[in-house]
Amino acid sequence: ALASISKSIDVNDPAAVAPSEAPADVAAEIAEFESAGFTELAINFPVESAPEVLETLEWFAAEVMPLL
């Protein structure tokens, strides 16, 4: 799992989670971190405004969190 995660992380091109991604895909990627032994994970939602932050957090809570 750690080798797979290492391939997906590029420090020059940070990963982003967005409502355009399938919730199951986002949950699967988070599960890979857990399988590799991570107990904490910071997720960045790169949006432009406070309403977009709220919308993205609501999407994450409703669509991704139940899959974890």
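Treat the numbers as computed from the prediction; the structure is a model and nothing was measured.
- In this structure, the side chains of Phe33 and Thr39 stay at 4.5 Å or more apart for every pair of heavy atoms.
- Here the CD1 atom belonging to Ile30 is positioned 4.0 Å from the CZ atom belonging to Phe60, to the nearest 0.5 angstrom.
- With rounding to the nearest 0.5 Å, the separation of CD in Glu29 from CG in Leu41 is 9.0 Å.
- Side-chain N or O atoms of Glu52 include one that pairs as donor or acceptor with a backbone N or O of Glu48 at under 3.5 Å.
- Under the 4.5 Å side-chain heavy-atom criterion for grouping Ile, Leu, Val, Met, Phe, Trp and Tyr, Leu54 is not connected to Met65 through any hydrophobic cluster.
- Two different hydrophobic clusters hold Ile43 and Leu67 under the rule that ILVMFWY side chains link at heavy-atom gaps under 4.5 Å.
- Minimum heavy-atom separation, Ala61 to Pro66: O-CD, 3.3 Å.
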